[in-house]
Amino acid sequence: MMLALRRACIFRALVFMAFLPPPQRAQDPAMVHYIYQRFQVLEQGLQKCTQATRAYIQDFQEFSKNISIMLGQCHTYTSEYKSAVHNLALRVERAQREIDYLEYLREADACVESEDKVLAEKLVQEAEEDQRIRMLLNASCDNMLMGIKSLKIVKKTTDTDGSWMKDAVSDSPKVYVFIGSRNNTVWEFANIRAFMEDSIKPAPRKLILTHSWQGTGQVIYKGFLFFHSQGTPNEIIKYNLQKRIVEDRMLLFGGAGRALAYQHSPSTYIDLAVDEHGLWAIHSGPGIRSHLVLTKIEPDTLGVEHSWDTPCRSQDAEASFLLCGVLYVVYSSGGHGPHRITCVYDPLGTIMEENLPNLFFPRRPRSHSMIHYNPRDKHLYAWNDGNQMIYKLQTRRKQPLQ
């Protein structure tokens, strides 16, 4: 700053000298006196400038001293503030730990109460579900399978796959035949004798359906044909045989139609069945080594009443049927004999595995295309390598339900 002031004074002197008269007039006394006065004024200005500069320097030094003192005080206050903040943080941390501990104790008590409540609700729901299943399967049927008594070959055809049946509940003697695993033609015979002997009159009636079926899992129940619709993964059609129209249809969920129901039945994805409790569906569940899913269907509305994931595997299975609400699954090794029932599933839990005998079918060279139970005559209707057969059963009463 001092250097700037000196430069300003020198600049003023130079400006003044610029207005000096030429050398020839320098001897004029008046001019000399004028110049002397101007130098005196300039000298006085320089003195004032010097005094102002010294005063400014003194003020600046005082200001710097005050700033240094204030910075020292600020550092002191900063250290005190940091210490106070650190102490406050420690206190807050200690308080937070205490709060967390109290919250843990409160949540622990709440969790115990919540777990007890959830457990109680679960027990109530299981009891209600058990009661609902008992009411659902409350038909007066207490038989369990004890053995296959005999085999009767009713007829032999050249068709490897197919299914045949009577109405599961009607007193009608009519026999219905479904040839192949994909078709839309149903043959209706007046009775079983007309089916056995081609010469018996009247000739069979040919029914052309508006939709084709898939697999060999068809059933006839109360005058209606229920079948898996061809070209769909999980559509079940209810067909009125008298009016020859589709009465209703449904989609069966739970993985139905994604995989074969039975390994040794290469065309059946959904197998329908009828027993004393009504209409059922059996299909494979999700997964590579899937287990069978059992579904109870309300035949009038095609609503799902209940589903069960059974322990019975699809692998090595060839067919299954229901008798008095119990699922019996038939297995064979490589699709050949022996054919035996090695998995039984009872939704009510009234049949224990230790109470079951060895359930074998008479030896056949190939696996069954279908096995369906008819609750009206208590027989099994089966199709094996072009043979239409009837198995007679041996049963006994179940253990009473507690």
Side-chain angles (χ1 to χ4, degrees), residues 129 132-133 135-139 163 165-170 176 178 180-186 207-262 265 267-287 290-310 312 314 319-322 325 327 329 345 347 370-375:
E129 183 70 10
R132 194 174 76 84
I133 293 175
M135 293 179 63
L136 181 65
L137 306 179
N138 63 352
S163 61
M165 65 203 69
K166 293 181 179 180
D167 193 310
V169 294
S170 172
Y176 298 88
F178 302 78
S181 58
R182 289 176 175 84
N183 208 331
N184 68 337
T185 302
V186 181
L207 306 178
I208 306 298
L209 307 181
T210 58
H211 292 69
S212 297
W213 75 78
Q214 177 174 333
T216 57
Q218 307 85 6
V219 295
I220 296 178
Y221 184 70
K222 295 182 179 180
F224 294 95
L225 168 63
F226 297 84
F227 62 90
H228 178 197
S229 179
Q230 181 183 351
T232 67
N234 57 345
E235 183 180 57
I236 306 299
I237 288 183
K238 178 182 179 181
Y239 192 86
N240 191 318
L241 290 174
Q242 184 176 1
K243 298 179 181 179
R244 300 191 184 183
I245 60 172
V246 174
E247 193 79 17
D248 202 353
R249 61 185 72 201
M250 70 172 292
L251 295 178
L252 189 63
F253 296 103
R258 297 179 183 175
L260 292 171
Y262 316 114
S265 183
S267 61
T268 302
Y269 288 81
I270 299 176
D271 190 13
L272 299 172
V274 175
D275 72 346
E276 292 81 358
H277 295 293
L279 181 64
W280 303 80
I282 305 105
H283 63 85
S284 178
S290 55
H291 292 70
L292 295 177
V293 177
L294 177 64
T295 302
K296 183 73 173 63
I297 300 176
E298 209 293 316
D300 295 330
T301 63
L302 290 188
V304 174
E305 295 183 289
H306 201 279
S307 288
W308 295 266
D309 293 326
T310 76
C312 303
S314 295
S320 69
F321 60 91
L322 280 109
L327 177 67
V329 185
Y345 178 72
M370 57 81 67
I371 300 176
H372 282 172
Y373 174 70
N374 188 303

In the structure I gave you, are the side-chain heavy atoms of [X] and [Y] within less than 4.5 Å of one another anywhere?
| X | Y | value |
| --- | --- | --- |
| Ile282 | Thr310 | no |
| Phe178 | Thr216 | no |
| Glu276 | Tyr373 | yes |
| Ile236 | Lys238 | no |

*asked:* Test of understanding: with salt bridge (Lys or Arg N to Asp or Glu O under 4.0 Å), list the residues that count as partners of Arg258, not counting sequence neighbours.
replied: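 With sequence neighbours excluded, Arg258 shows a salt bridge (Lys or Arg N to Asp or Glu O under 4.0 Å) to no residue whatsoever.
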
If we ignore hydrogens and angles and just use 3.5 Å, is the side chain of [X] paired with the main-chain N or O of [Y] as donor and acceptor?
| X | Y | value |
| --- | --- | --- |
| Asn234 | Leu251 | no |
| Ser265 | Tyr262 | no |
| Lys222 | Pro299 | no |

*Testing Leu272, Leu292, Thr295, Asp271 for side-chain contact (heavy atoms from CB on, under 4.5 Å) with His283, which one passes?*
Thr295

*Inter-residue atom distance Tyr221.OH - Ser170.OG, 0.5 Å rounding*: 11.5 Å

*Assign the ring pair His277 / Trp280 to parallel, tilted or perpendicular, where the plane angle (0 to 90°) is split at 30° and 60°.*
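Rings of His277 and Trp280: perpendicular, as their planes differ by over 60°.
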
*Check the angle between the aromatic planes of Phe227 and Tyr239 and answer parallel, tilted or perpendicular using the 30° and 60° thresholds.*
tilted

